[in-house]
Number of protein chains: 2
Amino acid sequence: MPENCNACERSETASEALSERGARLTDLRRDVLQTLHHSPKPVGAYELFDQLKEAGKASAPPAVYRVLDFLVEQGLAHKLQSLSAYTACKSTPHAHEAFFRICRECGQVTETAVPASLKDVAAQDEFIAEHLVVEALGLCRECQESTL
Amino acid sequence: MPENCNACERSETASEALSERGARLTDLRRDVLQTLHHSPKPVGAYELFDQLKEAGKASAPPAVYRVLDFLVEQGLAHKLQSLSAYTACKSTPHAHEAFFRICRECGQVTETAVPASLKDVAAQDEFIAEHLVVEALGLCRECQESTL
DNA sequence: CTATCTAGGGTTATATTGTAACCTTTAGGA
DNA sequence: TCCTAAAGGTTACAATATAACCCTAGATAG
């Protein structure tokens, strides 16, 4: 891991934002967040656990899940339901919800805003949508080319 | 289970549609489909398995998962990723994709079409979206009232 | 009619993902 | 300094899902 990379800076920014809210970015949380930022594709909880364990930084699965839950609550990370995997939030300010397009070949994920029209439909019949899961699985342009 | 209910009729309709495509609605598949149709809310694979086992109709989890995979492939059922549970497709003709609004109180799910605008966003940058997962978790109108 | 093929399902074992419950540590405030 | 609450450690397990292999019945070709 490079020392002064973009991903690490993001973690620092996150740290400041958190302390304003009375939440703390501990060592373990920072490690997880940076790992997510450094990974080109979503990371499973156990994959994360294995890495942290090798580095002597995590003890058992519950620790990892607690950190992941925290990061998701704070909007610093997202869980991709289709993959049962996690990814750092790439938008600023950090959003709790986004539309994820996931390439099944390279695994890369692009994060965009959830269209207002979808939220409109969600709110029909007085439904209160507390959380949206919006994911598209498919092939990114690059992988279409390389699969020719 | 009532004998001539709407849910059972749907299974028969499904059966005809399938045979046109060269696929068969076997006893086990019909049982699973009807169970899904009769349930007011999504059903987990193991919940389904337990029921079928009690009725002497299923042997082990893989059988259930195979049937569920089949039904989902055929558009007769959907998997709700947020719940790891399954529900019968309520739209006609059967769709492979829909927007699901899931009430966290009563568990009921309403299935509506995925807005075209979302598909448009999905297709940006030449991304080929092969499958969409669109779910909203929240509170339906009825449960808002009863939770006052 | 017989041989073969295949779809569907049975069976066993195991992988993967996620949590409950309880204990220990530690940073920071009264 | 003592206390508290948040964070994390630890053990055990629950819930979800699949790999791999086998068997049978019905379709199909010869």
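Keep in mind it's a predicted model, so treat the numbers as computed, not measured. Throughout, protein chains are lettered first and strands after them, A, B, ... in sequence-line order, and every chain is numbered starting at 1.
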Point to revise | Side chains of V109(A) and P42(A) in contact at under 4.5 Å (non-hydrogen atoms) | key: yes
Practice item. Using a cut-off of 6.0 Å, state whether more than 12 heavy atoms not belonging to K53(A) lie near its atom NZ. Key: no
Exercise for review: Taking the side chain as every heavy atom from C-beta outward, state whether V134(B) and L132(A) have any pair of such atoms under 4.5 Å apart.
Suggested key: no
Review point. Tell me: OH of Y65(A) to P of dT16(D), nearest whole Å?
Key: 13 Å
Review point. How long is the span from the NE2 atom in H96(A) to the SG atom in C89(A), to the nearest 0.5 Å?
Key: 9.0 Å
Exercise for review: Grab the CG-P distance between L25(B) and dA7(C) for me, whole Å please.
Suggested key: 17 Å
**Study point:** Rounded distance [0.5 Å steps], CD1 in I102(B) versus OG1 in T87(B)
**Key:** 9.0 Å
Check your understanding: dA7(C) P sits how many Å from Q74(B) CD, rounded?
Key -> 14 Å
Revision key, fill the gap. Expected list for residues 41-58 of chain B near DNA chain C, using heavy atoms below 4.0 Å, is none
Practice item. Report which part of the nucleic acid A60(B) touches: base, sugar-phosphate, or nothing (heavy-atom distance under 4.0 Å, all strands). Key: base
**Study point:** 4.5 Å side-chain heavy-atom contact, C106(B) and K41(B)
**Key:** no
What pairs of nitrogen or oxygen atoms, one from the protein and one from nucleotides 19-23 of chain D, lie under 3.5 Å apart?
none

**Study point:** Axial cation check for F70(A) ring with R29(A), 6.0 Å and 45° limits
**Key:** yes
Close N or O pairs between protein and nucleotides 3-6 of chain D (under 3.5 Å):
none

Review point. Between dG9(C) atom C1' and D27(B) atom CG, what is the distance in whole Å?
Key: 12 Å
Practice item. Evaluate the side-chain proximity of V43(A) to Y86(A): yes if any heavy-atom separation is below 4.5 Å, no if none is. Key: no
Check your understanding: In whole Å, what is the span from the CG atom of D69(A) to the P atom of dG8(D)?
Key -> 12 Å
Check your understanding: Of the nucleotides dG9(C), dT19(C), dT18(D), which has the atom closest to the V67(B) side chain?
Key -> dG9(C)
Check your understanding: Quick one: CG on L139(A) to CD on E105(A), what's the gap to the nearest 0.5 Å?
Key -> 6.0 Å
Exercise for review: Give a yes/no on whether any side-chain N or O of T26(B) is located under 4.0 angstrom from OP1 or OP2 of dG9(C).
Suggested key: yes
Review point. Is there a side-chain contact between K79(A) and L68(A), using heavy atoms and a 4.5 Å cut-off?
Key: no
Review point. Do the non-hydrogen side-chain atoms of L137(B) and E130(A) ever get within less than 4.5 Å of each other?
Key: no
Revision key, fill the gap. When rounded to whole Å, the CG to C1' distance for the pair D31(A) and dG8(D) reads 13 Å
Review point. Taking atom types as modelled, is there a side-chain donor on H78(A) or E97(A) under 3.5 Å from an acceptor on the other?
Key: no
Practice item. Using whole Å, report how far CG of L83(A) lies from P of dA17(D). Key: 14 Å
Exercise for review: Would you tell me if any nitrogen or oxygen in the side chain of K79(A) comes within less than 4.0 Å of OP1 or OP2 on dG18(C)?
Suggested key: yes
Review point. To the nearest Å, how far apart are L28(B) CG and dT24(D) P?
Key: 18 Å
